[in-house]
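Quick note on labels: first sequence line is chain A, next is B, and so on, each numbered from 1.
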Amino acid sequence: MTKGVMTIDGVTVEIGEERNVLELIRKTGVELPTFCYHSELSIYGGCRMCIVEDDRGGLIPSCSEEPRDGLVIKTNTQRLRRYRRNILELLLANHCRDCTVCGRSGACRLQDLARSFNIANIRFINTALNPKTDLSSKCVSKDLNKCILCGDCVRVCNEIQQVGAIDFANRGSKMRVSTSFDAPISESSCVGCGQCAAVCPTGAIIVKNDISDVWRELDKKDTLVTVQVAPAVRVALGQAFGLADGENSMGLIVAALRRLGFDRVFDTATAADLTVREESREFAQSLLSLRSMPLFTSCCPAWINFVEKHYPQLTPHVSTCRSPMQMFASVIGEEYKNCGQRHVHVAVMPCTAKKFEAAREEFKTNGEPNVHYVLTTQELIQMIQQAGVIWEDLEAEGVDTPFSVLSGAGVIFGVTGGVTEAVLRELADDRSSTGLKKIAFVGVRGQEGLKEAKVTVGGRELAIAVVSGLGNARNLIKELLKGSRKYDFVEVMACPGGCVCGAGQPVASLPHRAARGQGLYAADRLSSVKRSEENPLMAILYNGVLKDRAHELLHVHYPGHEAGSSI
Amino acid sequence: MSQELSAQLLDEIIGAHQNSPSAVIAILQDIQERYHYIPKAAFAPLAHRVGVSEASIYSVVTFYENFSLEPKGRFIFKVCDGTACHVRKSTPILERLRKELSLASDEVTTADLNFTVETVSCLGACGLAPVLTVNDKVYPAMTPSKVSTLLAELKEELSHETN
């Protein structure tokens, strides 16, 4: 049975599963302007840009109207254009209009719409209260002079991530997005996942930018600058240079980094192999003892922050493994500590929370951070553009020795389920290639927020859960604490979809997310080494720099971790 | 009147509303009735018990004019400044009160936490204009001199309370 038909701008459209008129309008090939509508968030109906006119002259906000049979609407009339212009003009009235010095310039929806609606003159005076920018967080900054109160950040923080660090405070002309008691973001319950910055349509919340510091290091003559690139970066960065989302451009990224002046370029996937080895060992050991809670993964820094700020009682159940970025930083630091030059290490990450992780006391050696600077994918794109490197002219290059070998297991770390799959490859009894395929289809792949799998290892059936998105993690934790679910191993990535959808990446819509994950699985298929333990570099490292020092260099004890609780 | 927040009392208030997130406003009202304001220390336990973020509770508290994050005085004056009271000269009453209590322009509560002076838009008693209330007791047809007398009486009452 059909749900009927609607007439949109004279075109008859059949109503399908669309949850609102706005999505049905998209089906007719029209993209209405919106600020506050995101298909994954609840409907707010605040910005009013998506209003349409019905056949009686009534105005309907299309995002909050259910499609119904017989509805006749127009989406582009003289009156609607006037109203949309008025809304834009009112939003711009109190808005900081220093576009050229805004971190979001060129990628700002308000700027885009102001241009396409040809807003040339603002008739209203600016009555903004001119609040100070909150620069307290290592990950994001908040400038309320650029906030249009669409509430996207509030809803992503409360609905998708369930972190609840921000909400609206006050009302009317004094309304603003605020933490509890307007505390600096760094002192709030914020975990630095950056999803607020990813959904912000303007420059009100932006990711911290460390480009100028990195340029300064690259300019220094007596400094050796090494860089590692996370798996997820390679399937998203190319998007800015005309490649399809999901297309692997690691070779070109390596070439670009060398052109920018980095002395050595490495692939974080190499260190992911170390993580797999250490984490598998820790997992196998944890199975020997009776545990009330599963072993949680520890690669994701926003997840670590979430545990520390929201569920500190779970800290002892989080793996003591450092993240691949930090494991690599330890090993690289050892390699170059006697290189005769000052050594600076930079990491290119899809992530905003990594900026916080890099600054943590736990990851400093003699007071110096092991990772001096974290650049997001977006920042690297900007550096490539600043330097004028012509992407099309680049030719793919390989990473540097001595860390040039990696396994497919390390590459898939960037997608939700990847860490689990890599650990399972390590632990599985079946060492054949059919065994590998079986693991791939056990249920750990895919974009769902919660995936469950049962695998038999050494005659024992293990229950595994893979979660992405902190809201899903919170729901799972609640059930674990109630005792209504039980697992042996839980992988958590803070961003929905995993690192490929991190807040440091170019923004991706739902289909693009899947494409990025597929890109990493494709890279895995092309790799000749599938299991981390088969990476020949591992033996060299474990017999070399890591000999008797694996625990010191590859593990971490956050406050609450019992020293020596594992391995 | 400001007092140390009692964890037990807070527990009772939240428990009386079955820890329900939909009862946040009612819980906040009960807390305010007891303490005359919402103490900051109440936020974390309240957020934890009802499963609503502290930022969201802050959002509710700052949305409603009626909730206060500042400690209030032992006596709370609500001077009506609705249309009827305003035209019957409520402003001089308010000015007299603020002057006698030496309140600075951005202050509503005296430093000793004895008096709070607020305006309200209408008390719904326009026939008694100009009207004010002190801790919900209504004082009709006020004048600046009557308010001075009232203030003196209340100060007298306070001196007995503290003795």
Enumerate, including both backbone and side-chain atoms, all donor-acceptor pairs under 3.5 Å from chain A to chain B.
| residue | atom | partner | partner atom | Å |
| --- | --- | --- | --- | --- |
| A/G164 | O | B/S53 | OG | 3.4 |
| A/D167 | OD2 | B/S56 | OG | 2.7 |
| A/F168 | O | B/S59 | OG | 2.5 |
| A/N170 | N | B/T62 | OG1 | 2.8 |
| A/R171 | NE | B/F63 | O | 2.8 |

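- Using a 4.5 Å cut-off between heavy atoms, B/L69 touches chain A through its side chain atoms alone.
- Ring to ring, B/F43 and A/F181 are close: their centroids are under 6.0 angstrom apart.
- Every residue two or more places apart in sequence or in another chain that forms a side chain to side chain donor-acceptor pair (under 3.5 Å) with A/N94 is listed here: A/T127.
- Within a 6.0 Å radius of NZ in A/K208, other residues, nucleotides and ligands contribute more than 12 heavy atoms.
- Applying the salt bridge (charged side-chain N to carboxylate O under 4.0 Å, His left out) criterion to A/E491, with sequence neighbours excluded, gives no partner residue.
- Contact detail for A/A165 and B/A55: the closest heavy-atom pair is O-CB, 3.5 Å.
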Less than 3.5 Å apart, which donor and acceptor atoms pair up between the side chains of residues 195-203 of chain A and the rest of the protein, not counting sequence neighbours?
| residue | atom | partner | partner atom | Å |
| --- | --- | --- | --- | --- |
| A/T202 | OG1 | A/K146 | O | 2.7 |
| A/T202 | OG1 | A/A204 | N | 3.2 |

